[in-house]
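Only one structure is covered here, and it is reproduced in the block below.
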There are 2 protein chains.
Amino acid sequence: MKTLEGVEWAVHACAVLAGLAPDSSLNAAALADFHRLPAAYMAKHLQALVRGGVLTASRGGRGGYRLARPAAEISLWDIQAAIEGSGPSFRCQEIRRQGPCAGYTSSRVPCDIACAFHEAEAAYRAHLKAVSIAQIAERVGVRYGPEGRGAFADWALRNGGTPIG
Amino acid sequence: MKTLEGVEWAVHACAVLAGLAPDSSLNAAALADFHRLPAAYMAKHLQALVRGGVLTASRGGRGGYRLARPAAEISLWDIQAAIEGSGPSFRCQEIRRQGPCAGYTSSRVPCDIACAFHEAEAAYRAHLKAVSIAQIAERVGVRYGPEGRGAFADWALRNGGTPIG
DNA sequence: GGTATTCTACTCGGATAGAAGTTGTCCGAGTCCCGCCGG
DNA sequence: CCGGCGGGACTCGGACAACTTCTATCCGAGTAGAATACC
């Protein structure tokens, strides 16, 4: 039960992309450099986001990544699911069907323990689905303040992206 | 974001112990055999439960494990925390404080992304805390039916435990 | 017969290998842009 | 002057190691209980 470090990187990267104009894009090297992260590994996570339908990639000169949908329609769960997979965290091994009482457990009725954990996971996912990357980008931008926002805009322009506002 | 397999084993073991009288105990070998699990590895998880305050162990002849508290006061979260640790799943690396906009992020204000994930985790924990091992044992016992419950009682007696009822 | 003692068998506990997954890195496949050439 | 073409540089994409963590196992430390010897 440990959230992969790559999820954090991916959310930060998406938050940066949410601060750019819809037709603007940034490459993996720029997204990694913004937080001083290893470019090659960041690229790996960005590929996973493309596979998960969160980002779209364009190759060639002045290519890069951009959000596949409006930032308001991308939730934190979408990002985590793209990196870690959307399957359940608790995978029932059905060990109840082994041992002296195995014959008395109906295979049609789901395991009570697995059900309890799956409900808890559903609550977890519901919370993440309620938070969009647009909200995150908004809050981070507010925290930056006017000067920080200007610095972000400068950096984006230097790296081929067109910031919003 | 993957729940360790040991958590499932530990919950099943606690459910078995919840079906025994308060002054009764079972050793690691018996608890492992009930679900046909490797005894040595099951013992390791039981030790973790002792360290987490969920079980108490007694050594020597006719020793074994028993619940440290009434089953109604032991939640699924207590068990998971004993096995996987009670720390947060999402560990913020504070990468926001690196890069060109690092100076504009106040170190006193917590990271918005980490906050969102921590809230989701709190919802997850809340659901697990609401389910006690007594409820789980009750449901499993109901699923067994009268005959299965009798088989369980026989098995427990053969292994030195005194079943409830 | 009662009691202290020793002995044995049984239990947990931590230290020790093996496997899996995550983290980190590299080079090749594909694409767009710019300059060049010809009409 | 305009359109087609080729070269080059840049980008993503998947294949390849190193490390941490989980899974699995073993043997030693410690204890309760029974059998025994003694009073």
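Because only heavy atoms are used, hydrogens play no part in the values below, and waters and symmetry mates are left out as well, while side chains stay in. Chain naming here is simple, since letters A, B, ... match the order of the sequence lines and numbering starts at 1 in each.
Across the protein-nucleic acid pair, R91(B) atom CZ and dT23(C) atom C1' stand 15 Å apart, rounded to whole Å. Distance W9(B) CH2 to dC22(D) C1': 11 Å, rounded to the nearest Å. For the pair Q93(B) CD and dT23(C) P, the computed distance is 10 Å after rounding to whole Å. Rounded to whole Å, atom P of dT20(D) lies 13 Å from atom CD of E5(A). Summarising the geometry, the separation between NE2 on H45(B) and P on dC22(D) is reported as 11 Å, rounded to the nearest angstrom. One can place CG of L26(B) at 16 Å from P of dC10(C), the figure rounded to the nearest angstrom. Here the P atom of nucleotide dT23(D) and the CD atom of E84(B) are 9 Å apart, to the nearest Å. Taking atom CG on L4(B) and atom C1' on dA24(D), their separation rounds to 14 Å, with Å as the unit.
Across dC12(C), dC12(D), dC22(D), the shortest atom-to-atom separation from the side chain of A28(A) is found for dC12(D). Of the candidates dG13(D), dT11(C), dG13(C), dG13(C) carries the atom nearest the A57(B) side chain, counting heavy atoms from C-beta on.
Cluster annotation: I164(B) is not connected to L55(B) through the hydrophobic network of ILVMFWY side chains, with a link wherever side-chain heavy atoms come within less than 4.5 Å.
Projected onto DNA chain D by closest heavy-atom contact, Y65(A) and K2(A) fall at different nucleotides, the more 5' of which corresponds to Y65(A).
Atom CZ of R62(B) sits in a sparse spot, with 12 or fewer heavy atoms from other residues, nucleotides or ligands closer than 6.0 Å. Other residues, nucleotides and ligands place no more than 12 heavy atoms under 6.0 Å from the CD atom of E138(A). Within 6.0 Å of atom CZ in R69(A), more than 12 heavy atoms from other residues, nucleotides or ligands are found, so the atom counts as buried in its surroundings.
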Please list each protein N or O that sits under 3.5 Å from an N or O in nucleotides 14-18 of chain C, with the distance.
unit_1  : atom_1 : unit_2 : atom_2 : d
dG14(C) : N7     : Q47(B) : OE1    : 3.3

Filtered N/O pairs between nucleotides 30-32 of chain C and protein, under 3.5 Å:
unit_1  : atom_1 : unit_2 : atom_2 : d
dG30(C) : O4'    : R59(A) : NH2    : 3.4

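Among pairs with a residue in residues 88-124 of chain A, those fulfilling ring-ring contact (aromatic ring centres under 6.0 Å, His included) read F90(A)-F117(A), at least two apart in sequence or across chains.
Of all heavy-atom pairs between E8(B) and Q93(A), the closest is OE2-N, 2.9 Å.
Side-chain contact annotation: S75(A) with S132(A), donor-acceptor N/O pair under 3.5 Å absent.
For E147(B) and R149(B), the salt-bridge test fails: no basic side-chain N is under 4.0 Å from an acidic carboxylate O.
If you check every strand for non-hydrogen atoms under 4.0 Å, A43(A) touches nothing.
Aromatic ring orientation, H35(A) versus H12(A): perpendicular (interplanar angle above 60°, classes split at 30° and 60°).
OP1 or OP2 of dT23(D) sits under 4.0 Å from a side-chain N or O of Y41(B).
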